Amino acid sequence: MIDKEKLELARSQFKECSSLFIALGDHMRQEICLDLAAAGAEGINVAQLSGKSILSRPAISHHLKVLKDCGVVEPIKKGTQIFYRLHLKENAARIRQLIDTIDEIIIEEDAV
């Protein structure tokens, strides 16, 4: 029998990660994340990102806002410009915890 506390924990963890899953479920945001990863710790600005994409600057800005709101992207102000870089450690840790909880549920179910 499945541990009901672990199921509730998994539900809670899914809820905590849902905005992240929604944000990363979009193909263009995935491409932006890859461009941000390639830019490294220095980051990249909207003009540079739009030069790598078919999207307009306003569209890039919209996608960056979604990614920023869920904690995937971190803005860095340099003079009058804003650069963006990936900020994944906390989100990756939450996803790992969710996966670990699901693994525990599966292992317990298989043992029955």
Side-chain angles (χ1 to χ4, degrees):
M1 185 155 164
I2 296 175
D3 183 342
K4 294 196 186 297
E5 287 182 23
K6 283 208 176 119
L7 278 176
E8 284 305 312
L9 177 60
R11 280 189 184 95
S12 171
Q13 290 169 326
F14 265 119
K15 187 175 182 179
E16 191 176 304
C17 293
S18 65
S19 65
L20 176 65
F21 292 148
I22 290 167
L24 294 177
D26 181 88
H27 173 71
M28 292 312 299
R29 287 193 281 271
Q30 293 167 8
E31 290 297 319
I32 290 170
C33 284
L34 293 174
D35 288 338
L36 291 168
E42 292 298 312
I44 189 169
N45 65 24
V46 174
Q48 293 166 324
L49 280 169
S50 66
K52 295 174 166 275
S53 173
I54 61 169
L55 297 177
S56 66
R57 286 183 187 188
I60 295 284
S61 293
H62 165 75
H63 288 297
L64 285 169
K65 181 186 181 324
V66 172
L67 292 168
K68 185 180 85 169
D69 288 348
C70 74
V72 171
V73 169
E74 176 181 44
I76 307 159
K77 189 161 175 118
K78 294 181 182 178
T80 60
Q81 293 190 19
I82 298 176
F83 288 75
Y84 297 89
R85 68 178 173 197
L86 285 180
H87 180 74
L88 293 175
K89 288 187 181 189
E90 292 172 18
N91 286 314
R94 280 190 238 144
I95 292 170
R96 278 189 210 98
Q97 289 171 344
L98 171 61
I99 291 168
D100 290 345
T101 301
I102 293 170
D103 279 344
E104 290 173 18
I105 291 168
I106 291 169
I107 289 168
E108 288 175 6
E109 184 65 18
D110 286 346
V112 173

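Keep in mind that what you see is a predicted model, and the values were worked out from it rather than measured.
- Hydrophobic clustering (side-chain heavy atoms under 4.5 Å, transitive across Ile, Leu, Val, Met, Phe, Trp, Tyr) keeps Leu9 apart from Ile106.
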- Message: Evaluate Leu88 against Val72 for side chain to side chain contact (heavy atoms under 4.5 Å, CB included), listing each step before the verdict.
- Response: CA-CA 5 Å; Leu88 293 175; Val72 171; 3.6 Å; yes
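- Closest approach of Cys33 to Leu86, counting heavy atoms only: O-CD1, 3.5 Å.
- In this structure, CG in Leu20 is found 4.5 Å from CD1 in Ile95, a value given to the nearest 0.5 Å.
- Annotation for Lys6 and Thr101: closest pair O-CG2, 3.7 Å, computed over non-hydrogen atoms.
- Annotation: side chain of Ile105 is not in contact with side chain of Asp3 (no heavy-atom distance under 4.5 Å).
- Tyr84 contributes atom OH, which lies 10.5 Å from atom CD1 of Ile76 (distance to the nearest 0.5 angstrom).
- Arg96 and Asp100 are not joined by a salt bridge, as no carboxylate oxygen comes within less than 4.0 angstrom of a charged side-chain nitrogen.
- Ile22 and Leu64 fall into different hydrophobic clusters, where Ile, Leu, Val, Met, Phe, Trp and Tyr side chains are chained together by heavy-atom contacts under 4.5 Å.
- Remark: the backbone N or O of Cys17 is not paired with any side-chain donor or acceptor of Arg94 at under 3.5 angstrom.
- No chain of hydrophobic side-chain contacts below 4.5 Å, direct or via other Ile, Leu, Val, Met, Phe, Trp or Tyr residues, connects Val66 to Ile82.
- Note that the CD atom of Gln48 and the CD1 atom of Ile60 stand 11.5 Å from one another [nearest 0.5 Å].
- To the nearest 0.5 angstrom, Leu49 atom CG is 5.5 Å from Leu36 atom CG.
- Between Glu31 and Lys52 no salt bridge is recorded (no basic side-chain N to carboxylate O distance below 4.0 Å).
- Atom CD of Glu90 has 12 or fewer neighbouring heavy atoms from other residues, nucleotides or ligands inside a 6.0 Å radius.
- Lys78 approaches Phe83 most closely through the heavy-atom pair CD-CD1, 3.7 Å.
- With hydrogens and angles disregarded, a donor-acceptor distance shorter than 3.5 Å links the side chain of Arg85 to the backbone of Ala41.
- In this structure, the side chain of Ser50 engages the main chain of Ala47 through a donor-acceptor pair within 3.5 Å.
- Between the side chain of Glu8 and the backbone N or O of Glu5, no donor-acceptor pair lies under 3.5 Å.
- With rounding to the nearest 0.5 Å, the separation of CD1 in Ile102 from CZ in Phe14 is 3.5 Å.
- Between Asp69 and Ser19 there is no side-chain heavy-atom pair separated by less than 4.5 Å.
- Once rounded to the nearest 0.5 Å, the distance linking NZ of Lys65 with NZ of Lys68 reads 6.5 Å.
- Nearest heavy atoms, Arg29 versus His63: NH1-ND1, 3.0 Å.
- Using a distance-only test at 3.5 Å, with no hydrogens or angles considered, a donor-acceptor pair links the side chain of Ser61 to the main chain of Arg57.
- The backbone N or O of Leu24 sits less than 3.5 Å from a side-chain atom of Gln30, completing a donor-acceptor pair.
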